[in-house]
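To start, the structure itself, in structure tokens.
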Amino acid sequence: MTMKVAFLGPEGTYTHQAVNQQFGSGNDVEILAQKSISDCFEILNDEKVDYAVVPLENSTNGQVVYTYDLLRDWFLLHDSGSKGEATDKPEFRVVAEQFVSIQHNFLTKAEKIEDVDVIYSHPQVWGQVKNFLKNKVPKDASTVDTGSTAKAAEKVYNDETKSSACISSFMSAQLYELPILYKNIEDNSKNTTRFLVLGHKGISYKHDKPQGDRGNQEQDYVTLVTFILGDDDPGALCDALNSFKTYNINLTSINSRPYPGRNWRYAFFIELIGKKDDEYVFKSLSDLEKSVSSMMVLGSFERCWRYWG
Ligand SMILES: O=C(O)C(=O)C[C@]1(C(=O)O)C=C[C@@H](O)C=C1
């Protein structure tokens, strides 16, 4: 049975590569490119696809804030921009993760970089190629954000002036027949982006076989939780996080995003090691319950073998 997978498109994005890693590119997988990360959430919620793959964070410049804000809106507010409590929560959850090594290339039809006056790419890219932008790009060239790195390649492909360029993947260079003027221009050679696979059901289809068997160890599972603190008590966050210590829960990361409606109030995202079902999280974090006004388990899933490099 064909599996339908939505992803941030068009084809050639790094998210497309994450889809290929997770599901393969056989004819049992139908991929549906979406214009935005938000559209990936919408089409999954409408159950028009089985899974949606979205970028979450990058090892060089951190959070993909668009995705964090969508997780907040869908799971804590549900109706983005609303000030009240979340209405009906979505059925889908985070069911897997992928890690893609991000090697950026400077693609253009121009003969030399001095002829380039505009550079397109996804906003997440600029922070990953700071040295290249500072040392190689003409000072009067402008940078323009696009919905994805492949969208940037599409724009350069359609540009007759030959004075535009994009920072995109090798796959985009091939798909949009764009010459690579500079290869691997990322600041950090280990530049990696983490992607989430969202779905209504677990990953029953394991294409991405790990190399070697680690066995079912605690650190082979990750649980993502999001919550909003209930009041302005300065100790509320410490109390909340202390409950993780009390229950000996291995907290690996905490992120935050503004919580609409009240300045300087935040939605928190925490990551725990271990396979924790909702009941365990809510039960063992009961102390947390006292200090939070809303909490959701975004998913509990297997650690992708690529995490270990
Ligand atoms: O634009 C793409 O190609 C994407 O897949 C999105 C995205 C991102 O949002 O982080 C993914 C990896 C890179 O860090 C740059 C862009």
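Values below: all heavy atoms of this structure, side chains included; hydrogens, waters and symmetry mates excluded. Atoms within a ligand are numbered from 1 in the order they appear, just like the ligands themselves.
Only the side chain of V125 comes within contact range of ligand 1, with a heavy atom under 4.0 Å; no backbone atom does. Residue T15 touches ligand 1 through backbone and side chain together, judged by heavy-atom distances below 4.0 Å. By the criterion of a heavy-atom distance under 4.0 Å, the side chain of L8, and not its backbone, is placed next to ligand 1. The side chain of P55, and not its backbone, has at least one atom closer than 4.0 Å to an atom of ligand 1 (non-hydrogen atoms only; side chain from C-beta on).
Less than 4.0 angstrom separates some heavy atom of T13 from each of these atoms of ligand 1: 2 (C), 3 (O), 5 (O). Every atom of ligand 1 is numbered from 1 in the order shown, and the set under 4.0 Å from a heavy atom of V64 is 9 (O), 10 (O). The ligand atoms of ligand 1 that sit less than 4.0 angstrom from a heavy atom of S148 are 1 (O).
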Using ring pair (Phe, Tyr, Trp, His ring centres under 6.0 Å), reason through F195 and H16 one step at a time and then give a plain yes or no.
CA-CA 10 Å; F195 296 82; H16 182 188; over 10 Å; no

Dump the intermediate steps for side-chain contact (heavy atoms from CB on, under 4.5 Å) on I167 and L133, then the final yes or no.
CA-CA 11 Å; I167 297 177; L133 294 176; 4.3 Å; yes

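Although no hydrogens or angles enter the test, the distance criterion places a donor-acceptor pair under 3.5 Å between the side chain of K109 and the main chain of V156. For the pair D159 (side chain) and T161 (backbone), a donor-acceptor distance under 3.5 Å is present. Under the 3.5 Å distance criterion, the side-chain polar atoms of E186 are matched with a main-chain donor or acceptor of H104.
The closest approach between a heavy atom of Q128 and any atom of ligand 1 is below 4.0 Å.
Ligand 1 has a nitrogen or oxygen under 3.5 angstrom from a nitrogen or oxygen of Y14. Where the criterion is an N or O separation shorter than 3.5 Å, residue side chain and backbone included, T193 meets it with respect to ligand 1.
Among V65, T149, L56, the residue whose heavy atom lies nearest to atom 3 (O) of ligand 1 is T149.
At the top of the distance list for atom 9 (O) of ligand 1, counting protein heavy atoms only, stands H122 CE1, 3.2 Å. Protein heavy atom in closest approach to atom 10 (O) of ligand 1: Q124 CG, 3.2 Å.
Side-chain contact check for V94 versus V222: every heavy-atom pair is 4.5 Å or farther apart.
With sequence neighbours excluded, the residues forming a side-chain contact (heavy atoms from CB on, under 4.5 Å) with L181 are F106, T108, I113, listed by chain and number.
Counting heavy-atom neighbours within 6.0 Å of N158 CG, excluding the residue itself, gives a total above 12.
In this structure, F41 and F92 have perpendicular ring planes: the angle between them is above 60°, well past the 30° mark.
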